[in-house]
Every structure is written in C-alpha cells, then in structure tokens.
Amino acid sequence: MTSAREAALKALLRVDSEGAYSNLALDHILTGLRLEPRERSLATTIFYGVLEKRITLDYVISRFSSTPLKKIMPVALELLRIGVYQILYLSKIPPSAAVNESVNLAKTCGARRASGFVNAVLRNFLRSGAKIPPLAPETDSVRRLSVEYSCPEWMISLWSRSYGDETALGLLKGMAQKPELFARVNNTRVGEEQLIERLREEGTGAESVLWPDHALRFLKGIDVAESGCYRDGLFHIQDLSSQILCALLDPQPGETLADVCSAPGGKTFTLAERMENRGKIFAYDKYPQKVKLVREGAHRLYLSCVRASVRDAAHPEENPEKADRVLCDVPCSGLGVIRRKPEIRFKLPGPIDSLPDLQYLILCKSSELVQNGGTLFYSTCTLNPAENGRVADRFLSEHPGFLPKAISLPESFPRAVAEPENQMTFLPHVHGTDGFFVAAFRKK
Ligand SMILES: C[S@@+](CC[C@H](N)C(=O)[O-])C[C@H]1O[C@@H](n2cnc3c(N)ncnc32)[C@H](O)[C@@H]1O
C-alpha cells in the first residue's frame, strides 16, 4: 500500500520532472489512492513543506553529502529532502523513523543502489545534532537570506533593489506564513450572514471582512468539493486582493465589461455579482479548455450575464463590441502568490524577462476596447516592477488618449510602495493579501 511519504515523493517528482503545478501534482497523486485522512494530511504537509524549504534543505544536504547535489539521482535527492524536512520541521516524527522511511522508499521506488547513500547522509546529519549548519563567515547577506528563507538569490536581489531591504525582508518573512483563505459571497443568491450560518451548519467557520463588501474569511480550511454551499453556487474562493480590484473597478448593473484574460474566472464572477448579473461581461481567454472553466463556474454561480469565449488578447483577429470597463489581468510571473504555489520560487528569471512585452501588448490592444469616458484596469499577481509599474507608466506615456485614474483605499490598506496614485502594490506582510498590483486609467 502506498504510504504518505511515497505519495509525497511521487508528487514532488512530478513537479520537478514535468514542471507541474503543485496543487495539480498532489491532487493527481492523491486521487486514486485510498489514504487514511491522517496519511493524506501527512503527505500534504511533507509535499508542500519540501517545496517551500527546498533551498534550505539542499544547503543542509550539500553539507553532509560527499556527492555534489547535481550528481545525486532525482529519486534519492527527493528522499533526502523528505528525510531532512521531517527531521528539521516535524517534531512529532522520530528522526530515526524519518531516516528509515526514506531508506526503505529508496529500496522500493527505483533508487535501491542509492539506499546506502541516503542512509549515510541522513545519519551523518543526525549525528551532527540535526541543526542547519552555520554558513561560512564570508558568505554574503543575500546567500544567507536565501538559505534562511528558502528563496532564490535573484528574487531577494530583485525585491531589495525594487522595494528596499526592509520590505524585501518583510516579504521573505511573509512568504513563510500560511495564507488566509477568503471567499466571495454570491450576493445574487445569498446574503453574507445567511451564508456564514449555512457554512456553520456544514461545520465550516467563516466571518465577514470589513472591506470589501461580500468577502468572507474562513476560520479553517474548507474542502469545497464537500460543500453543499459551494455546489449551490453561493460562493467562490478568491483572495482579498482580487476582490479589492473588482471593488475598485466598480462595475454597475447594466454595463458592458470585457475581461480579456479571464480564466479560470474568479474576477469575472465577482464583477458579474457586483453588477447583480445585469448587463454583459465578455470573458475571454486564449485557451479553449480554460474558457470552459469560466463557463462552468458562471453556470455553477447562476451568472448568466457572463459570455465566455476564446480570444487572443495579444493578437486579436478583430475587435469586438466596446466596453464601459475593461480588465487586463495579464499572465505574469506570479511572485506574489508564492505562499500558495511554492514551486513559483523555482522559476528562472530568463523567461520572466520576456513577460513585460507580452503584458504591454495585451494592455495596448485591450485599450482599443474601451468606450470614450470608460475605464481600463491592469493587474498582476506579481511583485516585479518590470511587469507592474513600468508597464503602466509606459502605457500612459505612449497613449495620450488615456489619463491616470487615482486609486483610493480605506485606511486599513495603506500604501507600502512609493508609486503614482493610479497604481497600488499589495504586499502580503502589510495587507494580508496575496502580492498584487493594480493600475487604473480613464479614457478621455
Ligand atoms: C492571471 S490569469 C487570469 C486570472 C483570472 N482573471 C481570474 O481572476 O480567475 C491570466 C490568464 O491569461 C490567459 N492568457 C495568457 N495569454 C493570453 C492571451 N494572449 N490572450 C488571452 N488570454 C491569455 C491565461 O490562459 C490565464 O488564464
């Protein structure tokens, strides 16, 4: 029978070898296995923990292995990470059990010849006192932070350069925190208090958030597949940052909107709800299978004003009907959602460098959809000025037909980054949201 650690191993290998998204890789492995709830929870803890702490774990392994990391076969390396992770961070698991389980899995999961090596490295680590060994005194501060917070050096340098050392440190500390989970109440079907009560009956605690309206905070995790309220279309899961963007966009019933990068549909749904399902939202995405997700979500939530279809926002064949408000929630590097998707920290800076050109193109093309006097919003879930403020600044400087539209927020959302008043960067450790960026423009 597959154990929790074997499930975690398989999911980790999937992320490494196929570049799979963490949640999908884990779901894929766990579906089809009949693990006890406790085993399932251990598999999840080990899987996410190893991804989150990988840089720290690799540093530890490098100090106790005579073989350089790059030469260790993938299964053995992952088993070493799983072993060291449990020894360092899971105090309820006896260290000897952590070692034995990794060694046994090496024997049964395709790394039999490396099982002695896995045993030797883990036992060396235990004998040394099972602590993260100090770095050499000459190690520079970025490398130190990288090992301490398990964050790549290039990302730490980017954040220090862009936001200052203090904010960069805040981001690193925030990255290690468990993110809160929020829902957007489907106000076309249920009131906030009513939904809180219905969730309580299902055994899920939730409370209202002061702002924006119709946002709920879950008091513990929720398995949406098990929730009747979810199936009945009473809410969708959405971070506060996205809900705030939709509040700023402020669509009115009866208007026409275009959401040019809409899948899987979270913002489309909130916008449709804010419009009380009256008017039209053209929800586009480049990929047909993703458009299907938007259609299914709108159907579940009874949002008939959503019209989902395939369209390439960067190379549109023709421009459809103009809209009162247009949203460009562009593809981005996702550095603001590392708390939820730990594998994002292993993206390489090279591919990220090409994103601003695509983002700018999408923004320029989409600006042609805005009616005179209408508004245009640009957003990302990343913390990288090249994809954020620089795209927004360039748009204004090259489009005299648009003006900056000031963003003003309640006092509980103070500005944490010096930027023009039509831009706002949300930081997890300051605002309690995902890392997020919004820029707003008005067409003359
Ligand atoms: C950040 S996600 C959008 C999230 C979505 N707005 C939501 O709230 O659920 C970016 C989306 O852009 C889509 N995309 C990427 N390139 C595109 C393009 N050239 N045209 C249209 N959509 C594109 C991706 O498929 C992805 O679904």
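Starting from 1, each residue takes its place in the sequence as its number. When a ligand or atom number is given, it counts from 1 through the structure's own listing order.
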Task: Within residues 301-346 or reaching into it, pairs that qualify as ring pair (Phe, Tyr, Trp, His ring centres under 6.0 Å) - sequence neighbours excluded - done: none

Open item on the list: Show me the pairs that pass side-chain hydrogen bond (donor to acceptor under 3.5 Å, both in side chains) and involve residues 149-159, at least two apart or across chains.
Closed with: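 Of all non-adjacent pairs touching residues 149-159, none passes side-chain hydrogen bond (donor to acceptor under 3.5 Å, both in side chains).
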
TODO: Scan residues 326-338 for pairs that pass side-chain hydrogen bond (donor to acceptor under 3.5 Å, both in side chains), counting only residues two or more places apart or in two chains.
DONE: K267-D329, D329-S379, S333-T382, S333-E387

Are any protein N/O atoms closer than 3.5 Å to the N/O atoms of ligand 1? If there are, list each pair with names and the distance to one decimal place.
{"unit_1": "ligand 1", "atom_1": "6 (N)", "unit_2": "C261", "atom_2": "O", "d": "3.1"}
{"unit_1": "ligand 1", "atom_1": "6 (N)", "unit_2": "D329", "atom_2": "OD2", "d": "2.7"}
{"unit_1": "ligand 1", "atom_1": "8 (O)", "unit_2": "K267", "atom_2": "N", "d": "3.2"}
{"unit_1": "ligand 1", "atom_1": "8 (O)", "unit_2": "K267", "atom_2": "NZ", "d": "2.9"}
{"unit_1": "ligand 1", "atom_1": "9 (O)", "unit_2": "P264", "atom_2": "N", "d": "3.4"}
{"unit_1": "ligand 1", "atom_1": "9 (O)", "unit_2": "G265", "atom_2": "N", "d": "3.0"}
{"unit_1": "ligand 1", "atom_1": "9 (O)", "unit_2": "G266", "atom_2": "N", "d": "2.9"}
{"unit_1": "ligand 1", "atom_1": "19 (N)", "unit_2": "D312", "atom_2": "OD1", "d": "2.8"}
{"unit_1": "ligand 1", "atom_1": "20 (N)", "unit_2": "A313", "atom_2": "N", "d": "2.8"}
{"unit_1": "ligand 1", "atom_1": "22 (N)", "unit_2": "K286", "atom_2": "N", "d": "3.2"}
{"unit_1": "ligand 1", "atom_1": "25 (O)", "unit_2": "D285", "atom_2": "OD1", "d": "2.7"}
{"unit_1": "ligand 1", "atom_1": "25 (O)", "unit_2": "D285", "atom_2": "OD2", "d": "3.4"}
{"unit_1": "ligand 1", "atom_1": "25 (O)", "unit_2": "K290", "atom_2": "NZ", "d": "3.2"}
{"unit_1": "ligand 1", "atom_1": "27 (O)", "unit_2": "A263", "atom_2": "O", "d": "3.0"}
{"unit_1": "ligand 1", "atom_1": "27 (O)", "unit_2": "D285", "atom_2": "OD2", "d": "2.8"}

Open item on the list: Can you give me the closest heavy-atom contact between V306 and A272, atom names plus distance?
Closed with: CG2-CB, 4.0 Å

Task: Least distance between heavy atoms, V391 atom then Q359 atom - done: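 In terms of heavy atoms, the two residues are closest at CG2-OE1, 4.2 Å.
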
Open item on the list: I want to check something: taking the side chain as every heavy atom from C-beta on, are N187 and D213 in contact at a cut-off of under 4.5 Å?
Closed with: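 No, side chains not in contact.
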
